Every structure is written in C-alpha cells, then in structure tokens.
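Before any comments, here is the structure.
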Amino acid sequence: MNLKEYIRNVPDFPKPGIQFKDITTLWKDNKAFKESIDLLYQRYRDKKIDKVVGAESRGFIIASPLAYLLNAGFVPVRKKGKLPYKKINVVYELEYGTDSLEMHEDAIKQGENILVVDDLLATGGTMGAIIELVKKLGGNIIEAAFIVELEPLNGRKKIDAPVFSLVKYQDA
Ligand code: AMP
C-alpha cells in the first residue's frame, strides 16, 4: 500500500509558500490508517517499549493506538497550562518567537524504554523539545517515529535520537 497516495497536499496553508501535508485524508481511510499504525507496530513490537509519548494534538492520534498494540503506556505532551499536576517544561523556538511544551514530572521513570511519535517531521523543533522532556526524566529513547518527513528541512539534525518515517517528501 502506498501511503503517500492518501496524503493531501494543500498549497499555501496556513500561509503563502507552505505546502501543508494534510494527513486527515490518510486517517479517514480505514485501510490506510490501519496500515500506518500496523507498520509502526511491526517495527517496535520486539523493542520492549514501556511508553509511547505523543504531543498534542496530532501526535495523540498516532501514539495512542500504537501504545495499545505495543502493550505500552501512553504519555501526553501538552501545550503550556493544560496538564493538571506537577510538570516539567521546555521552551523551543518557532519561526517567529517561542513556544513551550509540558509533561507531568512523574510520567516517565528513569531507564524506561520510550518511543516518541508525531505526525510530521519538518524542522525538528517540536520533536527536539519532546525529546528534551523525555531525557530530563531519564527515559531511554528507542526512536522518534513519524508518518511524514519533509527531508529538505533536515529535521533529523535537531533530533538527538534515531529517526524513522513512513513517507518521505523531497519537495518541502
Ligand atoms: P517542526 O517542529 O518544524 O518539525 O514542525 C512539526 C510540527 O508542525 C508537526 O507536528 C506538524 O504537525 C506541523 N507541520 C510543520 N510543517 C508542516 C507541513 N508542511 N504540513 C503539515 N504539518 C506541518
């Protein structure tokens, strides 16, 4: 199955010049959605993953079915101010300004095997921040997995962990 065929390119969203990779068209197709999760499950099923970490909101959609299949826990990373308990925080750079992500301070135990997932790897800023949170808590990152990777943006360079993606684009 060619998953790329199920991803819709929307030019100039959310602003001129951006080629937005819309994966809602992959998710709404029962076979393509299942295939994307199953491929990741097969890759990590023997890796003794303790927890799958995903950032809101699109990361949740991939992380939760995967955690269920891997018999692992699910850990949400959220935008500032959303999590109720004690948190750790990381500030990361956006194109204009900064943003901040949070994780509960007891979400991960030292030495646990962690799989981090997101829908798309662009510049790597978001995943770099998620990985910083996991490392602060002593998690052992097995890999960072994505549905889509925009290769020309070199996001891998910002990620201090192995990277895997299902669909790659050369024209970001
Ligand atoms: P980055 O931090 O630059 O790697 O951006 C990653 C996040 O921004 C992902 O969670 C994506 O959801 C979103 N994103 C960035 N660029 C695109 C794009 N061209 N198409 C769709 N989503 C994007």
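The structure displayed is predicted, hence computed values, not measured ones. Ligands are counted one by one from 1 in listed order, and the atoms in each one are counted from 1 as well. Here, residue 1 is the first one in the sequence, and each next residue gets the next number.
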Are side-chain N/O atoms of Tyr44 and Glu143 paired as donor and acceptor at under 3.5 Å?
->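 Glu143 and Tyr44 do have a side-chain donor-acceptor pair below 3.5 Å.
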Give, for atom [atom1] of [X] and atom [atom2] of [Y], the distance between the pair rounded to the nearest 0.5 Å.
X: Asp171; Y: Asn9; atom1: CG; atom2: CG; answer: 7.0 Å
X: Ile147; Y: Leu121; atom1: CD1; atom2: CG; answer: 12.5 Å
X: Tyr169; Y: Glu151; atom1: OH; atom2: CD; answer: 12.0 Å

Would you mind writing out a table of all protein N or O atoms found under 3.5 Å from any N or O atom of ligand 1, naming both atoms and giving the distance to 0.1 Å?
unit_1, atom_1, unit_2, atom_2, d
ligand 1, 2 (O), Gly125, N, 3.4
ligand 1, 2 (O), Thr126, N, 2.9
ligand 1, 2 (O), Thr126, OG1, 2.6
ligand 1, 3 (O), Thr123, N, 2.8
ligand 1, 3 (O), Thr123, OG1, 2.5
ligand 1, 4 (O), Ala122, N, 2.9
ligand 1, 4 (O), Thr123, N, 3.1
ligand 1, 4 (O), Gly124, N, 2.7
ligand 1, 10 (O), Asp118, OD2, 3.1
ligand 1, 10 (O), Asp119, OD1, 3.2
ligand 1, 12 (O), Arg58, NH2, 3.2
ligand 1, 12 (O), Asp119, OD1, 3.1
ligand 1, 12 (O), Asp119, OD2, 3.1
ligand 1, 19 (N), Gln19, O, 3.0
ligand 1, 20 (N), Lys21, N, 2.9

Lys47, NZ atom: more than 12 neighbouring heavy atoms under 6.0 Å =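 Incorrect, the count does not exceed 12.
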Got a sec, which residues hit salt bridge (Lys or Arg N to Asp or Glu O under 4.0 Å) with Glu35, two or more places apart in sequence or on another chain?
->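 Scan of Glu35 (salt bridge (Lys or Arg N to Asp or Glu O under 4.0 Å), adjacent residues dropped) gives none.
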